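What follows is a set of notes on a single structure, which appears directly below.
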Amino acid sequence: MSASHLHLSPDPTRALAQLKAATDRCRECPIGEHATQSVFGEGPVHAALMVVGEQPGDQEDLRGRPFVGPAGKLFDRACADLGWPRDSIWVSNAVKHFKFELRGKRRIHKTPSQQEAAACLHWLESEIAQVRPRALVALGATAARALLGRPVAVMKERGQWHEGRRGERVLVTLHPSALLRGDPSQQHEAYAAWLADLALASDLALSMPRRGEHAPTSR
Ligand code: URA
């Protein structure tokens, strides 16, 4: 079922819960069939800042929450270093199900194809329409392409505000997994540069949501 077929509640908290349930059932691309559940965004409804990653990883798939695995731990560290309360931010992903390849018993992350990301885009757009953030941060190329509507050279376009496909303000930076995979001798500098990119969104991360609502999470 696509978002346009849902009769969304006029209450954004309920509408987001409806969207979350609908993504769980979504089979518009093959990924959902093999995942445990969808991982929808979470945070305060009407957060000023929305952070968008690529897709849930293994731990996110099992727990049903975004950015709770190794990449999420690095994001948490950045939030702590920037003084951002993570629970002031809406945290989500461009693709709502975990795509993986089985190697023995291990589920190895596979990058979603452009068609899969495109099939999922309407869920992200519906989510943005409900949260109505003042700006978004795209973590990595999949999120940047979804939000800007064009291929994005992250290393060239990072640390700048761009205009999103619906006129949103979008800050592009690296995905935390890129830092985790990077050359260990460069990690300190790479992390400092990533923090400097993210710091451009500090005023938004520190803003209170327009209303004190929190969407229900599956915790
Ligand atoms: N990587 C992402 O892009 N999102 C998550 O939620 C976890 C890892």
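Both counts, for ligands and for their atoms, begin at 1 and track the order of listing. Fair warning: this is a prediction, and the values are worked out from it, not measured in the lab. Worth knowing before you read on, the calculation uses all heavy atoms, side chains too, and leaves out hydrogens, waters and symmetry mates.
Of all protein heavy atoms, the one closest to atom 6 (O) of ligand 1 is F67 N, 2.8 Å. In terms of protein heavy-atom proximity, atom 5 (C) of ligand 1 is nearest to Q55 O, 3.4 Å. The protein heavy atom nearest to atom 4 (N) of ligand 1 is N93 OD1, 2.7 Å.
Nearest approach of H162 to E157, heavy atoms of both residues: NE2-O, 2.9 Å.
Proximity of a side-chain donor or acceptor of E60 to a complementary backbone N or O of G69 within less than 3.5 Å is detected.
Residue G53 approaches ligand 1 through these ligand atoms, each under 4.0 Å from one of its heavy atoms: 3 (O). Listed by number with element, the atoms of ligand 1 under 4.0 angstrom from any heavy atom of H175 are 1 (N), 2 (C), 3 (O). Which parts of ligand 1 touch E54 is read off a 4.0 Å heavy-atom cut-off, strictly below it: atoms 2 (C), 3 (O).
Under a 4.0 Å N-O distance rule, the pair K96/E127 qualifies as a salt bridge.
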Using side-chain hydrogen bond (donor to acceptor under 3.5 Å, both in side chains), reason through H122 and E28 one step at a time and then give a plain yes or no.
CA-CA 11 Å; H122 69 91; E28 289 168 43; 2.8 Å; yes

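Annotation: ring pair (Phe, Tyr, Trp, His ring centres under 6.0 Å) contacts of F100 (sequence neighbours excluded): F98.
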